Number of protein chains: 2
Amino acid sequence: MLTTAGFSGLFFGATFMLGEELNERSRRILEALIEDHIESAEPVGSRTITRRHQLGVSPATVRNVMADLEEMGYICAPHTSAGRIPTEKGYRFYIDSLLQVRQLSQADQQRIEQHYRLKGMRVEEVLREAGKVLSSISHYTGLVLAPRFTSTVFRHIEFIRLSSGRVLAILVTRSGTVQNRLVELEEDLRQGELEQMTNYLNRTLTGLTIQEVRARILQEMAEEKALYSSLLTQALQLSRQLFQDEAAGEVFIEGAANIFEQPEFADLERMKRLFRAFEQKSRLVALLDKSQQAEGVQIFIGAESEYSEIEGCSLVTASYSNRLGTIGTLGVIGPTRMPYSLVIPIVDYTARLVSKLLETDNR
Amino acid sequence: MLTTAGFSGLFFGATFMLGEELNERSRRILEALIEDHIESAEPVGSRTITRRHQLGVSPATVRNVMADLEEMGYICAPHTSAGRIPTEKGYRFYIDSLLQVRQLSQADQQRIEQHYRLKGMRVEEVLREAGKVLSSISHYTGLVLAPRFTSTVFRHIEFIRLSSGRVLAILVTRSGTVQNRLVELEEDLRQGELEQMTNYLNRTLTGLTIQEVRARILQEMAEEKALYSSLLTQALQLSRQLFQDEAAGEVFIEGAANIFEQPEFADLERMKRLFRAFEQKSRLVALLDKSQQAEGVQIFIGAESEYSEIEGCSLVTASYSNRLGTIGTLGVIGPTRMPYSLVIPIVDYTARLVSKLLETDNR
DNA sequence: TGTTAGCACTCAGGCAAAGGGAGTGCTAAC
DNA sequence: GTTAGCACTCCCTTTGCCTGAGTGCTAACA
């Protein structure tokens, strides 16, 4: 269920080997420290650890181990007389080697499910709702990357003449998402002519993916047969225009206010930076796109995302799919100090649920 | 160009009368104080005023006048040994009686215009762009309330059978906005049957406003003639469902990060509150709706909006229209300490421009 | 040899006191 | 009616002190 294969190789080969150096006691202390820190958001000291965990050793021993862990880069001290906090490397080791991901309880599963109606939900509604549920259950911010237009299956096109020379094109995909574009034509076309064009296009293109549609249009244009009718030639030219531009990936951000309640965002500058990151969605899209290529739950910790605006944040994502394969990504963004053992199954379960809900669209 | 008629009666009858009590000198001092405060965001003292404005009086005199202004409620002191800041009543008097609204320069007009393409912009694109332009030119946050579905003119309907019993309905308005809804039917309909239905509905309903459409459907259902065909009866029942639910008013918020750069939002709590207000759009919609009923530029100062989350903020709005009349509202939200003389013409000009751009949709 | 107790040391954060600065209101003189 | 002068207020910053939590080191112990 949890894989970080896609990225752990990339970022953590070295980490893993160092991980081998850790004996059982060091691991348990690191785990205790990280879990205490996740709960308290404060640096954790040696005494706190011995008090709250039955490790069978004294604070002094813990201090020695912590000194080693610090040297190895798993934890660090914000200042001399403070406890330790995990580094990104520490979190990565924790997630890869120490974390026990629980199964979501039946009750939690139901709590998630009950937000979705079974009938009459459009794709967009399902995705938006998924974002909201993710944010409200996790108490962080929900992110959902909608399916790319390019990867959807063409179902239907419709031209509507709005006024002289202005035509509205409506594109429907098989899953029922709708896109519309406005075209200004040199010469006016009557609605009847437009209908002829749509009939032709629907006949020719239905059932193809948008990528295939593009190829098919070019092919049709190349073949002479289209030339017999200037109207059809026009239709092809027009539709080439319509299908060529890729709409920027759309991302739904839900519950952004949640994340700002976290103590790490008491700092105004950080809050603003993250806020700007949310506003400028393109980089988020790129990041989510990246995780779409991998199976299972992906975790980006802080700078691993190569996205400095979300410094101090982690991203837990999973991709969702329909019968055609993976079509989008959803997940949660929150502070790196995040209870991964809770968030991971929530994201995982939501992705599965969304996949199930969208699957039926392709009967 | 600037009217506050719709609201000044409501809120400022009393203010205006008190305004009469103010002699020329008091007015000039109040004006100077407000303008200094708008620039500095700090309480303004008597010496600062005499230093920066040629009033021909000493600080002591200014102090006396300020004491009077305070008693009348136009200004207040945050604490004993600070300068004064304008109250909401002060701002209101300033806007109603002292403010000189400049015309937008040719250069500024062009700066705004160049953000819009002249051709092929859909309504939604025009509105989003307007929000962005408003925010980037004013350095505050742009708000645009999209036209209500109810007030638009029906142009076209289309049913697309997605799978057994699942039908996608696409509604197009005359201005080219598209809405789509998913319907689950008890019994399966063939695409051919759906086409019959759309033909009938398009013939019957095109050109009516949505409100009229609703009435017409009920009327058709009441008349026996529809009963002759069970298919048409079904069509009417289906479309009644489609048209009855009012989509919540849609509002575009652009450049929310801008407003958080203002010094008044250095306070974390306030920032969060405003942020939550942005996230929960329904009340913003209500507020913008309110101003839609009035002509010209409207200004809501702080609590006048009866919307405590945006305490300390002002809203400068103007409604835009097409040939059918007023259809929506746009504006800027920023701190009450806002250079109104700049913002007002920006909002005014944008509203006119948007109206002009949308007008062509109704040829 | 690994573990632990003890101890000196460090440093952030809270609190109170002190000082400076900006501004006020009042009074008396112009 | 206006102004200069002055005592007063209060915020804000700086300073110093103290406390508590935590560390690293060392020496003793098992």
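These figures come from a predicted structure and were not determined experimentally. Just so it is clear: chains get the letters A, B, ... in the order the sequence lines come, proteins before strands, and each one is counted from 1.
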(request) Under the side-chain hydrogen bond (donor to acceptor under 3.5 Å, both in side chains) rule, collect the residues that match up with B/Arg337, sequence neighbours excluded. (result) B/Gln262, B/Glu264

(message) Tell me the interatomic distance from A/Arg63, atom CZ, to D/dA21, atom C1', rounded to whole angstroms.
(response) 11 Å

(request) List in numerical order all residues of residues 38-52 of chain A for which some heavy atom is under 4.0 Å away from an atom belonging to DNA chain C. (result) none

(request) Check side-chain hydrogen bond (donor to acceptor under 3.5 Å, both in side chains) between B/Glu42 and all other residues, then give those that pass, not counting sequence neighbours. (result) none

(message) How many whole angstroms separate atom CD1 of A/Ile29 from atom C1' of D/dG22?
(response) 16 Å

(request) Determine, for B/Glu311 against B/Arg273, whether the closest basic-nitrogen to carboxylate-oxygen distance falls under 4.0 angstrom. (result) yes

(request) Please tell me if the side chains of A/Glu31 and A/His53 come closer than 4.5 Å, counting only heavy atoms from C-beta onward. (result) no

(message) Quick check for you: name the first and last nucleotides of DNA chain C, 5' to 3', having an atom under 4.0 Å from a heavy atom of chain A.
(response) C/dT3 to C/dA12

(message) Just N and O in the side chain of B/Arg25: are any of them under 4.0 Å from OP1 or OP2 of D/dT2?
(response) yes

(request) For the pair A/Glu279 (side chain) and B/Ala256 (backbone), establish whether a donor and an acceptor sit closer than 3.5 Å, ignoring hydrogens and angles. (result) yes

(message) Between A/Arg276 and A/Glu309 (salt bridge meaning N to carboxylate O under 4.0 Å), is one present in this structure?
(response) no

(request) Determine whether the side chains of A/Ser314 and A/Tyr340 contain a donor N or O and an acceptor N or O closer than 3.5 Å. (result) yes

(message) Under the side chain to side chain contact (heavy atoms under 4.5 Å, CB included) test against B/Val343, which residue among B/Ile299, B/Val297, B/Val332 passes?
(response) B/Val332

(request) Runs of at least three consecutive Watson-Crick or G-U pairs, both distances under 3.5 Å, are what I'm after; which ones involve DNA chain C? (result) C:1-30 with D:1-30

(request) Answer yes or no: is there an ion pair linking A/Glu39 with A/Arg52, defined by an N-O contact shorter than 4.0 Å? (result) yes

(message) Is the positively charged end of A/Lys89 above the ring of A/Tyr74, judged by distance under 6.0 angstrom from the centroid and angle within 45° of the axis?
(response) yes

(request) For A/Ala60, report the nucleic acid contact type (base, sugar-phosphate, nothing); a contact means any heavy atom under 4.0 Å. (result) base

(message) Once side-chain hydrogen bond (donor to acceptor under 3.5 Å, both in side chains) is applied, do any residues pair with A/Glu35, and if so which ones, sequence neighbours excluded?
(response) A/Tyr94

(request) May I ask you to verify if any side-chain N or O of A/Ser81 is less than 4.0 angstrom from the OP1 or OP2 atom of D/dG22? (result) no

